[in-house]
Amino acid sequence: MINKVVSNAEEAVKDIKDNAVLMLGGFGLCGIPENCISALLKTGVKGLTCISNNAGVDDFGIGLMLKTRQVKKMISSYVGENAEFERQLLAGELEVDLIPQGTLAERIRAGGAGIPAFFTPAGYGTEVAEGKEIREFHGKKYLMEAWLQADFALVKAWKGDTAGNLIYKGTARNFNPMMAAAGKITIAEVEELVPVGELDPNYIHTPGIYVQRIFEGKNYEKRIEQRTVTPR
Amino acid sequence: MINKVVSNAEEAVKDIKDNAVLMLGGFGLCGIPENCISALLKTGVKGLTCISNNAGVDDFGIGLMLKTRQVKKMISSYVGENAEFERQLLAGELEVDLIPQGTLAERIRAGGAGIPAFFTPAGYGTEVAEGKEIREFHGKKYLMEAWLQADFALVKAWKGDTAGNLIYKGTARNFNPMMAAAGKITIAEVEELVPVGELDPNYIHTPGIYVQRIFEGKNYEKRIEQRTVTPR
Amino acid sequence: MALDKIGIAKRIAQEVKDGSYINLGIGIPTLVANYIPDNIEVVLQSENGLLGIGRFPYEEDVDADLINAGKQTITMLKGSALFSSAESFGMIRGGHVHLTILGAMEVSENGDIANWKIPGKMVKGMGGAMDLVASAENIIVAMQHKSRSGESKLLKECTLPITGIKCVKKVVSDLAVLEVLPEGGFKLLERAPGVSVEEIKEATAGKLIIKGDIPEMKID
Amino acid sequence: MALDKIGIAKRIAQEVKDGSYINLGIGIPTLVANYIPDNIEVVLQSENGLLGIGRFPYEEDVDADLINAGKQTITMLKGSALFSSAESFGMIRGGHVHLTILGAMEVSENGDIANWKIPGKMVKGMGGAMDLVASAENIIVAMQHKSRSGESKLLKECTLPITGIKCVKKVVSDLAVLEVLPEGGFKLLERAPGVSVEEIKEATAGKLIIKGDIPEMKID
């Protein structure tokens, strides 16, 4: 078997070139590929198109790559509160393509599953529908939407094995499984890399066929955006 | 919470009326809703349209419902060796719609996920494409295919809880998860029904939202079509 | 007297049916969960991949890998299930989520909703709102009847970029409960305690339909 | 001498690349798994929802819930993964399965394949074959060069209902290894041991391209 295991994030992302199209897993700061983002900050690769539900915050996640001006375009559903993002957008330094979250998820899923286009009701009658083909099925109007694929998909899982099989934890799953399938090269960073055979085949979330490189990440910060608690 | 648990298959299927459209999980005889099929034989409901990858064998699975002439139409990808099936088909007593297996799986998935149509390359240039819209994307030709939905989806799982969450075992998963989502009413029969809270939320294959009725099945036969073994 | 946010949440909680699957938007809708009667059991969906949202965790149980769509740390319940964003929006688009409760900046008399963008100001994105309003069979909006500057937010036509068309079934505002009729128009169902029909008329720019006596809301 | 089924399987096994994901059809293709060299590691996909097909089980380990696409009882390997049919065909359509090996009743010189239906006889259905041939980047066909009645099955055009068009990249028959050229035509690459170019010419109804000396296959 060709070895999928690489030693660290630097090795995993070293051939990501300027102007590459990337997918980055995560919802908010939950389940984001922290190690890969750090490594991309080091390589200094520029002109990136980043497909990610969110754009991080000012000082974490994709927000860090915005600060270093490595991102040319964001394709997201919600870019939240991020002052640097806002500044670049208003200054015309950043292209932004906003997509309904379910459409984004399904376009990525379609990219991995070989479905070049599909119909969804989301956005009908809104500016999202502008320029898109509209079709009626069973009395309801739908937009045609195209698949999304990426040169590299950067995903974060809880556990992974050396064959590339992945298991996510909690709501850190989110966009990661579809992105893993939609990347021409998928790089998985995991909290725990285990030998093949240790994960139960019945509970694999991402089969290894989708993963080309895998490594055990380090120093996960897992920052929390809204720490809400129930008082004792 | 409205109670989803019913006592047995007879209770689960009692309101399935003549000419209903059903989905039945399983691949070959693996992961089929044995108890529900037995119960339908008893109710004697007729004129059924059955969406199922296969049609069972002469004396098991959907084959039993063919013998009792309860099936008007089969929508399948492979109907295998089944003498009664062949007889009815040649005699014009049975309508058959044969669909490429991946297209069948995706049409059912689309039915559950609210995607009325999508494009697939399977069948382009063949008789499957007749009468269908053809579209080129990125230099390759695709057919437009429509979702499939059912009045009742009958699925079989390994374990289920009283909230309707399901876990399948081995390759008995197959078509069951998509069908569970594509049924207006989904009836799940499980080998073991456990109290809510006993299944790990991270390893649920079918979330309970898709399941309207659930019961613990009895006397699973789990017949094997090709018993292939490695001699010691 | 106009309702406060909690009052609106309490009134909407009365709309919730036993055994239903519900998606709650950020803000007032999230509060609704606190006022659902004890004899009613519902399952809350979080579009980032969870069915069965529980309470906020105790301090020592906070888990960065378990958040809701508002990015708040949460817990799971017995019977919860986790899944991907594609599965989650499959549930939504496929009509498996029975009720969506969300906030709005404007609602029109034919049920259009605007709640995602104010041109010229920061654009944050629509998140899952467009999928939700295009898909759920029942959509209830929680909102203030008027803007801070006193202008009606229940309009003949939305002035802001819309999120979805002809989708809102009911509006619960600080002043009233209104049904959006299929043929168009806000049908006044209930008044907030102490609020007169005249006040509601004055606050509603869209077509308001008033038939017979309009009862006051009953809120504990 | 023409190859037997095992010979064809052995020759196809030489086409398999290390680290690839492969779908094997029923019949001769299934046999290929037995002859993959020890230094080559591949993962076999079963379209009913498994990556990592292992050997047949020992009698006492037979599990009705674990079968391959041919409905045979099988085992899993370390690193196997289970999934639904939708995920499985997502893998196939999405081009994640590198190589598909399947049988054929006819192949045309432009790479069309017919292997699912004989009009007038029983129609069993196409199963996953149409998805596989429409999707895989590399498709190798294992087949007999001629029918039992002695007619060529490598044709100018298929006479039977086709399964997919312009998809077959290579044919390994009992007589020869042939590449299907993008511009059309069967390019003869190798002869079965002891089989002459003349015999292959005689057995091939479609356009046969012969350039230079044609070596014999090397099979252990």
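Fair warning: this is a prediction, and the values are worked out from it, not measured in the lab.
For C/L82 against A/R173, the heavy-atom pair with the smallest separation is O-NH2, 3.4 Å. Of all non-hydrogen atoms in C/S85 and A/M178, the two that sit nearest each other are CB-CE, 3.8 Å. Looking at every heavy atom in both residues, C/P161 comes nearest to A/E127 through CB-OE1, 3.8 Å. Nearest approach of A/P177 to C/S84, heavy atoms of both residues: CG-CB, 4.1 Å.
Atom-to-atom distance recorded for C/M130:CE and A/L98:CG is 9.0 Å, nearest 0.5 angstrom. Atom OG1 of residue A/T103 and atom CG of residue C/D131 lie 4.5 Å apart, to the nearest 0.5 angstrom. Annotation: the span from C/T73 atom OG1 to A/E225 atom CD amounts to 11.5 Å, rounded to 0.5 Å. Distance check: A/Q101 CD to C/S88 OG gives 7.5 Å after rounding to the nearest 0.5 Å. Separating the NZ atom in C/K124 from the OG atom in A/S77 is a distance of 13.5 Å, to the nearest 0.5 Å.
Within the 4.5 angstrom heavy-atom criterion, atoms from both the backbone and the side chain of C/A69 approach chain A. At a 4.5 Å heavy-atom cutoff, A/K141 makes no contact with chain C through either its backbone or its side chain. Contact annotation for C/N68: only backbone heavy atoms (N, CA, C, O) come within less than 4.5 Å of a heavy atom of chain A. Only the side chain of C/E60 has a heavy atom closer than 4.5 Å to any heavy atom of chain A. At a 4.5 Å heavy-atom cutoff, A/N176 makes no contact with chain C through either its backbone or its side chain. Both the backbone and the side chain of A/R227 come within less than 4.5 Å of a heavy atom in chain C. Using a 4.5 Å cut-off between heavy atoms, A/I99 contacts chain C through its backbone alone, with no side-chain atom that close.
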Go through the steps to decide whether A/E191 and C/D65 satisfy the test side-chain contact (heavy atoms from CB on, under 4.5 Å), and finish with yes or no.
CA-CA 12 Å; A/E191 291 179 56; C/D65 290 328; 4.1 Å; yes
CA sep, side-chain torsions, deciding dist, call: A/R232, C/E59, salt bridge (Lys or Arg N to Asp or Glu O under 4.0 Å)
CA-CA 8 Å; A/R232 279 278 187 193; C/E59 181 65 43; over 6 Å; no
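For A/K140, the NZ atom sits in a packed shell: over 12 heavy atoms of surrounding residues, nucleotides or ligands are nearer than 6.0 Å. Taking a 6.0 Å sphere around CD of C/E151, one finds it holds 12 or fewer heavy atoms contributed by other residues, nucleotides or ligands. Counted within 6.0 Å of NZ on C/K5, heavy atoms from surrounding residues, nucleotides or ligands total 12 or fewer; the atom is thus considered open. Heavy-atom contacts from other residues, nucleotides or ligands closer than 6.0 Å to NZ of A/K218 number 12 or fewer. Crowding of C/K166 atom NZ: a count of heavy atoms from other residues, nucleotides or ligands under 6.0 Å not exceeding 12. Applying the 6.0 Å contact sphere to NZ of A/K222 captures more than 12 heavy atoms from other residues, nucleotides or ligands.
Formation of a donor-acceptor pair under 3.5 Å by the A/T230 side chain with backbone atoms of C/F56 is found in this model. The backbone N or O of C/I67 sits less than 3.5 Å from a side-chain atom of A/T171, completing a donor-acceptor pair. Between the A/N174 side chain and the C/G49 main chain, no donor and acceptor come within less than 3.5 Å of each other. A/T126 places no side-chain N or O within donor-acceptor distance of the main-chain N or O of C/T163, the cut-off being under 3.5 Å.
Per-residue counts of heavy-atom pairs under 4.5 Å with chain A were compared for C/P57, C/G125, C/A129, C/A86; the largest is that of C/P57. Between chain C and the options A/I108, A/V96, A/V229, the largest number of non-hydrogen pairs under 4.5 Å is found for A/V229. In terms of heavy-atom pairs under 4.5 angstrom with chain C, the leader among A/G123, A/A105, A/G102, A/A172 is A/G102. Of all the listed residues (C/A134, C/G127, C/G164), the one sharing the greatest number of non-hydrogen pairs under 4.5 Å with chain A is C/G127.
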